[in-house]
There are 2 protein chains.
Amino acid sequence: MQTGKRRVGRPTTNVLTRDLIMQTSLRLITERGATGASMRDISRELGVQPSALYNHVSGHEDVIGGVRELVSERIDVSGFGTEPWIAALDRWAKSYRLAFAAHPPTIALLAVQPLTEQSRVGTMYDVVCRGLIDAGWPEARVLSLVVALENFILGAALDRAATSEILRPGVSDSTPSFQRAYAAREESLGEASAADAAFDFGLATMLAGLEAEYAALSQDA
Amino acid sequence: MQTGKRRVGRPTTNVLTRDLIMQTSLRLITERGATGASMRDISRELGVQPSALYNHVSGHEDVIGGVRELVSERIDVSGFGTEPWIAALDRWAKSYRLAFAAHPPTIALLAVQPLTEQSRVGTMYDVVCRGLIDAGWPEARVLSLVVALENFILGAALDRAATSEILRPGVSDSTPSFQRAYAAREESLGEASAADAAFDFGLATMLAGLEAEYAALSQDA
DNA sequence: ACCTGAACACCGTTCAAGT
DNA sequence: ACCTGAACACCGTTCAAGT
């Protein structure tokens with residue numbers, strides 16, 4: 001990316017754009033982890049001084065927000081309006097998690113960020129809300145449903161981002177039931193990821209619970 | 001905490017202990033947020049040089065791990081063995097979330113940390129696993145169940161830690177369904193927290209799904 | 001408007017020196 | 001063994017100066 005040394009003063013053709021900064025940041029985070037994309041790292045990668053970034057972004061928080069937008073673009077909301085609501089939620093949840101799982105270190109960074117107004121994330125919520133309202137869910141409950149599912153998805157993504165050894169009983173310790181459960185899961189999983197198994201199990205459980213809740217709703221009406 | 005200026009060399013009575021460092025760190029995180037408990041902040045609060053901390057902890061990661069242990073001590077696993085498994089899970093999940101909710105900024109810090117061996121967290125898993133195995137859940141599925149529920153809990157805690165404005169549609173924008181759902185929830189909630197509503201809804205949904213799954217299990221047997 | 005370069009107030013961590 | 005003090009290699013951000 002470097003173009004030798006630039007002399008002071010405004011360059012004849014701009015070196016940076018906001019989008020270039022976001023793309024570079026996402027790439028660095030993915031390649032080097034959450035701590036590998038400091039403002040100084042990004043500027044170094046782009047061959048500019050750190051202060052140059054501030055002509056296009058307001059600060060590090062702004063960069064993180066932009067990266068979140070980038071990652072969120074790959075979430076699939078196409079099921080709403082074309083499939084039954086439960087299938088649409090299933091598709092949404094799985095693609096949501098995969099979008100973040102493709103860049104594991106982003107999750108811890110992004111999950112805490114407040115939602116910027118007028119963002120693509122906002123339009124995603126709109127599509128999901130519309131699908132659920134049209135399906136007959138009471139408006140007052142729709143956001144609780146969406147947020148609850150999202151909490152699970154982000155928690156699962158966070159889990160996947162952590163080392164796979166995050167949950168492992170110590171050897172020869174005082175947790176026999178934990179060890180038995182661990183060994184039994186190990187055997188039944190084979191090559192599959194434990195985090196994936198927990199996500200699939202949890203998502204199926206939540207959707208089953210939602211289906212039951214939905215059935216109870218139409219019984220009241 | 002300061003005791004005037006100490007001269008160089010080993011003090012006659014120790015100033016620090018590992019536990020004192022952890023307690024101070026938790027207090028600072030709670031009072032000042034996740035960024036308010038740097039190694040230098042902790043040392044300043046304790047009236048010592050930053051390097052003094054390294055006689056009792058291996059580094060910042062170690063401190064975070066210790067704080068997680070502190071917070072986790074308040075998780076209630078007393079239901080396992082004394083209540084039906086579903087009630088025990090409900091009690092566990094609610095106290096789990098509350099333990100972290102009492103120190104909101106800790107969650108983002110702690111959720112990503114790998115589990116240290118021989119920790120209290122490990123014994124918590126053991127009690128939960130034992131309760132579920134004794135209740136008749138297949139050993140190979142127990143950990144997926146626990147991890148899935150934990151993912152939801154931590155995701156919900158993360159959500160609660162974020163500003164309450166994290167999810168809010170922009171005014172006069174192109175997300176009408178999102179806005180309707182937001183307004184409807186607002187009205188039905190009154191004073192209650194939106195994050196709480198989503199957690200309660202999600203937990204009830206997951207437990208209902210688990211109950212259905214459990215019933216299906218015994219049908220096969 | 002958009003870059004460089006210098007500066008400021010921070011980090012985590014290491015290590016010699018002192019008791 | 002457990003502290004101080006100095007040092008190293010980092011941060012994010014601001015701002016004057018230059019084109």
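Below, chains carry the letters A, B, ... as their sequence lines are ordered, and counting in each starts from 1.
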In whole Å, what is the span from the [atom1] atom of [X] to the [atom2] atom of [N]?
X       : N      : atom1 : atom2 : result
A/Leu20 : C/dC3  : CG    : P     : 10 Å
B/Met39 : D/dT4  : CE    : P     : 14 Å
A/Ile21 : C/dC2  : CD1   : C1'   : 11 Å
A/Asn14 : C/dT4  : CG    : P     : 12 Å
A/Lys5  : D/dG18 : NZ    : P     : 17 Å
A/Arg40 : D/dC11 : CZ    : C1'   : 6 Å
B/Ile64 : C/dC11 : CD1   : C1'   : 14 Å
B/Gln49 : D/dG5  : CD    : P     : 6 Å

Kindly indicate whether the side chain of [X], heavy atoms from C-beta on, has any atom under 4.5 Å from the side chain of [Y].
X        : Y        : answer
B/Leu154 : A/Leu154 : no
A/Phe201 : A/Asp196 : no
B/Val128 : B/Phe80  : yes
B/Phe178 : A/Val127 : no

Salt bridge check: are [X] and [Y] linked by an N-O gap of less than 4.0 Å?
X        : Y        : value
A/Arg185 : B/Glu139 : no
B/Glu45  : B/Arg40  : no
B/Arg130 : B/Asp126 : no

For the residue pair A/Phe199 and A/Phe152, categorise the inter-ring angle as parallel (less than 30°), tilted (30 to 60°) or perpendicular (more than 60°). parallel
Let's see if you can work this out: which of [options] has an atom nearest to the side-chain heavy atoms of [X]?
X       : options               : answer
B/Arg10 : D/dT4, C/dG18, C/dT13 : C/dG18
B/Val8  : D/dG18, D/dA7, D/dT4  : D/dT4
A/Arg6  : C/dT4, C/dC2, D/dT4   : C/dT4
B/Ser51 : C/dC11, C/dT4, D/dT4  : D/dT4

Taking Watson-Crick (N1-N3 plus N6-O4 or O6-N4) and G-U wobble (N1-O2, O6-N3), each under 3.5 Å, can you produce the dot-bracket string of DNA chain D? Use [ ] for crossing pairs and | for inter-strand ones. ||.|||||...|||||.||
Contacting residues from residues 52-60 of chain B, given that a heavy atom lies under 4.0 angstrom of DNA chain D: B/Ala52, B/Asn55, B/His56
B/Arg44 side chain N/O closer than 4.0 Å to the phosphate oxygens (OP1, OP2) of C/dC11? yes
Pick one: which of A/Ile42, A/Leu16, A/Val63 meets side-chain contact (heavy atoms from CB on, under 4.5 Å) with A/Val57? A/Val63
The residue, B/Pro11 or B/Thr35, whose nearest nucleotide of DNA chain C is more 5′ is B/Thr35
Qualifying side-chain hydrogen bond (donor to acceptor under 3.5 Å, both in side chains) pairs with a residue from residues 10-20 of chain A, counting only residues at least two apart or across chains: A/Arg18-A/Asp62
Between A/Ser38 and B/Gly9, name the one whose nearest nucleotide on DNA chain D is closer to the 5' end. B/Gly9
Between the base of C/dG18 and the side chain of B/Arg7, is there any donor-acceptor pair under 3.5 Å? no
